[in-house]
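Sequence positions, counted from 1, serve as the residue numbers for this chain.
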Amino acid sequence: MSANISELKEELTSLISAANDLDTLEAARVQALGKKGRITGLMKTLGGMDPEERKTTGQALNVLKDEIAALIEGQERALKKQEMEQRLASETLDVSLSPRPETKGKIHPISQTMEELQSIFASMGFSLAEGPDIEDDWHNFTALNFPPGHPAREMHDTFYLPDDPDEQGEAAKKLLRTHTSTVQIRAMQEQGVPIKIIVMGRTYRSDYDITHTPMFHQCEGLIIDKDIHMGHLKGCLMDFVRAYFEVEDLPIQFRPSYFPFTEPSAEMDIGCSRKGGGLKIGHGDDWLEILGCGMVHPNVIKNCGFDPDEYQGFAFGMGVERIAMLKYGIPDLRTFFESDNRWLSHYGFDPLDRPNRATG
Ligand code: PHE
């Protein structure tokens with residue numbers, strides 16, 4: 001029997017390593033481990049053996065089964081990797097090619113909106129800060145007062161990266177940042193306090209419908225200093241929305257909300273009217289949610305190494321696509337990323353247009 005088993009092992013091993021596509025490998029798997037497979041067939045003969053033989057043969061067959069299953073798995077991984085490499089090689093696209101001369105380029109609404117935001121906040125004295133798109137769990141969650149197991153983590157539909165054998169523990173786990181609030185932490189640690197920054201960049205959540213795409217952009221602000229209070233937050237955000245939407249007396253309201261990294265937390269709405277089907281920003285009897293904000297939680301300041309009794313501040317964050325859609329009347333978020341030239345020539349901006357500047 002044992003001679004049989006080692007012959008079978010050799011035979012199946014060469015069958016598996018000769019399989020150079022996934023279908024052939026699947027056929028080899030069925031032949032070895034399927035219901036009517038060779039190993040399964042031998043297993044069925046165990047019943048007719050005397051106890052001693054059954055024990056040794058049974059053990060040998062189980063070892064063989066595990067070895068063959070591991071071989072198949074390894075071969076499958078190798079074939080999938082090869083397939084991916086072939087796809088990557090055949091689907092390359094030279095993004096550095098110059099645009100076709102017959103198509104006149106336009107500035108994408110995202111670029112335009114980010115320029116506008118940057119110039120309004122620059123005129124209010126904010127400087128620009130940046131951080132990486134690939135983050136670790138500590139910067140995206142723990143440092144922002146979402147301890148491991150905190151229920152608010154679940155709301156972020158996070159994309160985690162495959163485990164890295166070199167990383168040490170939960171805090172180092174890599175992910176695509178789910179918000180730009182990560183840069184609050186990085187900037188405070190790098191620049192210290194007092195600090196007055198805005199952040200603009202890509203963020204990622206596993207979600208896709210008319211108002212969600214897996215990649216989107218956020219604009220985030222942070223001020224930390226001595227004696228900062230909610231009045232400063234309100235004044236700053238009121239000036240901002242009035243400059244951005246170009247409505248001088250745009251009404252605003254704050255509603256209580258919850259974010260782990262701010263306390264108290266609020267959502268800010270601007271006045272609008274939905275009469276006659278269209279949306280008009282400005283006066284009216286309706287409200288439109290525009291951003292999340294709040295006073296920075298003492299734990300966040302502590303986590304960055306500063307004393308929350310001495311330093312306080314506020315933070316806010318908004319979706320760039322959302323405020324671009326509202327200002328420019330773009331109905332579907334997904335169209336931002338379809339690279340359709342007809343869309344871009346309709347919603348895009350002339351390269352020589354200057355972004356709005358803050359007035360006053
Ligand atoms: N990070 C929050 C979000 O993505 C937005 C926010 C930023 C809220 C800063 C408060 C303060 O939803």
Asks: Determine the minimum heavy-atom distance between Cys219 and Leu117, stating which atoms define it.
Replies: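 Of all heavy-atom pairs spanning Cys219 and Leu117, the closest is CB-CD1, 3.8 Å.
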Asks: To the nearest 0.5 Å, what is the distance between CG (Leu22) and CD (Glu83)?
Replies: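 The CG atom of Leu22 sits 5.5 Å away from the CD atom of Glu83.
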Asks: If you look at every heavy atom in Leu128 and Gln118, which pair is closest and at what distance?
Replies: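 Scanning both residues, the minimum pair turns out to be CD2-NE2, 3.7 Å.
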Asks: Decide, yes or no, whether a salt bridge links Arg334 with Glu338 under the criterion of side-chain N to carboxylate O below 4.0 Å.
Replies: no
Asks: How many angstroms lie between CD in Glu10 and OG1 in Thr13, if you round to the nearest 0.5 Å?
Replies: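 Reported value, rounded in 0.5 Å steps: 7.5 Å.
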Asks: With a 4.5 Å cut-off on side-chain heavy atoms, are Met295 and Met230 touching?
Replies: yes
Asks: Is there a donor-acceptor pair closer than 3.5 Å between any side-chain N or O of Arg153 and the backbone N or O of Pro147?
Replies: yes
Asks: Between Leu326 and Trp287, is there shared hydrophobic-cluster membership here, with clusters defined by ILVMFWY side-chain heavy atoms closer than 4.5 Å?
Replies: no
Asks: Looking at CE of Met318 and OG1 of Thr113, how far apart are the two atoms once the value is rounded to the nearest 0.5 Å?
Replies: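 Output value for this atom pair is 11.0 Å.
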Asks: So, Arg205 side chain and Thr178 main chain: donor-acceptor pair closer than 3.5 Å or not?
Replies: yes
Asks: In this structure, are over 12 heavy atoms from other groups packed under 6.0 Å from Glu310 atom CD?
Replies: yes
Asks: Calculate, to the nearest 0.5 Å, the distance between atoms CG and OG1 belonging to Leu233 and Thr262 respectively.
Replies: 9.5 Å
Asks: Do Glu67 and Lys9 meet the salt-bridge criterion of a basic N to acidic O distance under 4.0 Å?
Replies: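 A salt bridge links Lys9 with Glu67.
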Asks: Any Lys/Arg nitrogen of Glu246 or Lys327 sitting under 4.0 Å from an Asp/Glu carboxylate oxygen of the other?
Replies: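 Counted as a salt bridge, because a side-chain N and a carboxylate O are separated by less than 4.0 Å.
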Asks: Identify the two heavy atoms, one from Tyr208 and one from Pro214, that lie closest to each other, and give their separation to 0.1 Å.
Replies: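 Of all heavy-atom pairs spanning Tyr208 and Pro214, the closest is CD1-CD, 3.6 Å.
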Asks: Measure from the side-chain N and O atoms of Lys196 to the backbone N and O of Met124, and report whether any donor-acceptor pair falls under 3.5 Å.
Replies: yes
Asks: Got more than 12 heavy atoms from elsewhere within 6.0 Å of CD, Gln191?
Replies: yes
Asks: Among Asp163, Asp137, Thr158, whose side chain to side chain donor-acceptor pair (under 3.5 Å) with Lys173 holds?
Replies: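 That would be Asp163; it is the only one of Asp163, Asp137, Thr158 passing the side chain to side chain donor-acceptor pair (under 3.5 Å) with Lys173.
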Asks: Can any side-chain N or O of His297 pair as donor or acceptor with the backbone N or O of Pro264 at less than 3.5 Å?
Replies: no
Asks: Do the non-hydrogen side-chain atoms of Ile16 and Ile68 ever get within less than 4.5 Å of each other?
Replies: yes
Asks: Under the ring-ring contact (aromatic ring centres under 6.0 Å, His included) rule, what do Phe141 and His156 come out as? Steps first, then yes or no, please.
Replies: CA-CA 10 Å; Phe141 290 124; His156 278 227; 5.7 Å; yes
Asks: I'd like to know if the side chain of Thr40 reaches the main chain of Lys36, judged simply by a donor and an acceptor atom lying under 3.5 Å from each other, with no hydrogens or angles considered.
Replies: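 Checked: no pair found.
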Asks: CD1 of Ile134: more than 12 outside heavy atoms within 6.0 angstrom?
Replies: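 Atom CD1 in Ile134 is not crowded, with 12 or fewer foreign heavy atoms closer than 6.0 Å.
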Asks: Apply the test side-chain contact (heavy atoms from CB on, under 4.5 Å) to residues Asp225 and Val193: give CA-CA distance (whole Å), side-chain angles for both, the deciding distance (0.1 Å), then the verdict.
Replies: CA-CA 7 Å; Asp225 207 330; Val193 291; over 6 Å; no
Asks: Stepwise, does the side-chain contact (heavy atoms from CB on, under 4.5 Å) test hold for Ile72 with Leu33?
Replies: CA-CA 10 Å; Ile72 294 176; Leu33 302 169; 4.0 Å; yes
Asks: Answer yes when Glu73 and Arg77 have at least one side-chain N-carboxylate O distance shorter than 4.0 Å, and no when they do not.
Replies: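 Arg77 and Glu73: salt-bridged.
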Asks: Hey, does the side chain of Gln112 reach the backbone of Ile107 with a donor-acceptor pair shorter than 3.5 angstrom?
Replies: no
Asks: Does Arg242 use its side chain to pair, donor to acceptor, with the backbone of Leu250 at less than 3.5 Å?
Replies: yes
Asks: When you group the ILVMFWY residues by side-chain heavy-atom contacts below 4.5 Å and let the links chain together, are Phe314 and Met200 in the same group?
Replies: yes
Asks: Using 0.5 Å steps for rounding, measure from the CD1 atom of Ile197 to the OG atom of Ser127.
Replies: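 Separation between the atoms: 7.0 Å.
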Asks: So does Glu11 pair up with Arg38, basic N to acidic O under 4.0 Å?
Replies: yes
Asks: Is the number of heavy atoms from other residues, nucleotides or ligands within 6.0 Å of CG (Asp340) greater than 12?
Replies: yes
Asks: I'd like to know if the side chain of Thr24 reaches the main chain of Asn20, judged simply by a donor and an acceptor atom lying under 3.5 Å from each other, with no hydrogens or angles considered.
Replies: no
Asks: Specify whether His179 and Phe146 have parallel, tilted or perpendicular ring planes, treating 30° as the upper limit for parallel and 60° as the lower limit for perpendicular.
Replies: perpendicular
Asks: Closest heavy-atom contact between Glu267 and Ser257?
Replies: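 Nearest pair, atom of Glu267 first, then Ser257: OE1-OG, 3.4 Å.
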Asks: Is the ring pair His150/Tyr258 parallel, tilted or perpendicular, if the boundaries are 30 and 60 degrees?
Replies: parallel
Asks: Hey, what do you get for CG (Leu12) to CG (Leu71), rounding to the nearest 0.5 Å?
Replies: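 Here the interatomic distance stands at 9.0 Å.
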Asks: Are Tyr204 and Leu175 in one and the same hydrophobic cluster, where Ile, Leu, Val, Met, Phe, Trp and Tyr link if side-chain heavy atoms are under 4.5 Å apart?
Replies: no
Asks: Does the separation of the ring centres of Phe316 and Phe254 fall below 6.0 angstrom?
Replies: no
Asks: Are the side chains of Asp269 and Ile252 in touch, meaning some heavy atoms are under 4.5 Å apart?
Replies: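 Side-chain contact under 4.5 Å: no.
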Asks: Are Thr92 and Asp94 linked by a side-chain donor-acceptor pair shorter than 3.5 Å?
Replies: no
Asks: For Pro260, does its backbone N or O pair with a side-chain atom of Asn145 as donor and acceptor, under 3.5 Å?
Replies: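 Yes.
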Asks: Can Glu135 and Asn140 be counted as having a side-chain donor-acceptor contact under 3.5 angstrom?
Replies: no
Asks: Count the heavy atoms belonging to other residues, nucleotides or ligands that lie under 6.0 Å from NZ of Lys234, then report whether that count exceeds 12.
Replies: no
Asks: I'd like to check Val199 versus Glu130 (side-chain heavy atoms, cut-off strictly below 4.5 Å). Are they in contact?
Replies: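 Val199 does not reach Glu130 side chain to side chain.
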Asks: Got a sec, which residues hit side-chain contact (heavy atoms from CB on, under 4.5 Å) with Asp136, two or more places apart in sequence or on another chain?
Replies: Trp138, His139, Arg186
Asks: May I ask whether Phe216 and Trp343 are part of the same hydrophobic cluster, defined by side-chain heavy atoms of I, L, V, M, F, W, Y residues being less than 4.5 angstrom apart, directly or through others?
Replies: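 Different clusters: Phe216 never reaches Trp343 through Ile, Leu, Val, Met, Phe, Trp or Tyr contacts under 4.5 Å.
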Asks: Between Met114 and His217, does the side-chain contact (heavy atoms from CB on, under 4.5 Å) criterion hold? Intermediate values first, please.
Replies: CA-CA 9 Å; Met114 298 219 286; His217 298 78; 4.2 Å; yes
Asks: Between Asp285 and Ser273 (side chain of the first, backbone of the second, donor and acceptor by atom type, cut-off under 3.5 Å), is there such a pair?
Replies: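 Checked: no pair found.
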Asks: Any side-chain heavy-atom pair from Ile228 and Ile224 closer than 4.5 angstrom?
Replies: no
Asks: Side chains of Tyr244 and Phe121, heavy atoms from C-beta outward: is any pair under 4.5 Å?
Replies: no
Asks: Give a yes or no on whether Arg255 atom CZ has more than 12 heavy-atom contacts from other residues, nucleotides or ligands under 6.0 Å away.
Replies: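 Atom CZ in Arg255 is crowded, with more than 12 foreign heavy atoms closer than 6.0 Å.
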Asks: So, for Gln184 and Ala315, which heavy atoms are closest and what is the spacing to 0.1 Å?
Replies: NE2-CB, 3.4 Å
Asks: Are Lys80 and Met84 packed together at the side-chain level, in the sense that at least one heavy-atom pair is separated by less than 4.5 angstrom?
Replies: no
Asks: Going by atom types only, do Ser181 and Glu220 share a side-chain donor-acceptor pair under 3.5 Å?
Replies: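 Ser181 vs Glu220: donor-acceptor pair found between side chains.
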Asks: With a 4.5 Å heavy-atom cut-off, do Ile223 and His232 have their side chains touching?
Replies: no
Asks: Check Leu144 against Phe261 and note the closest heavy-atom contact, atom names and distance.
Replies: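 The pair with the smallest heavy-atom distance is O-CB, 3.2 Å.
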Asks: Any chain of hydrophobic side-chain contacts (each under 4.5 Å) joining Leu176 to Met155?
Replies: no
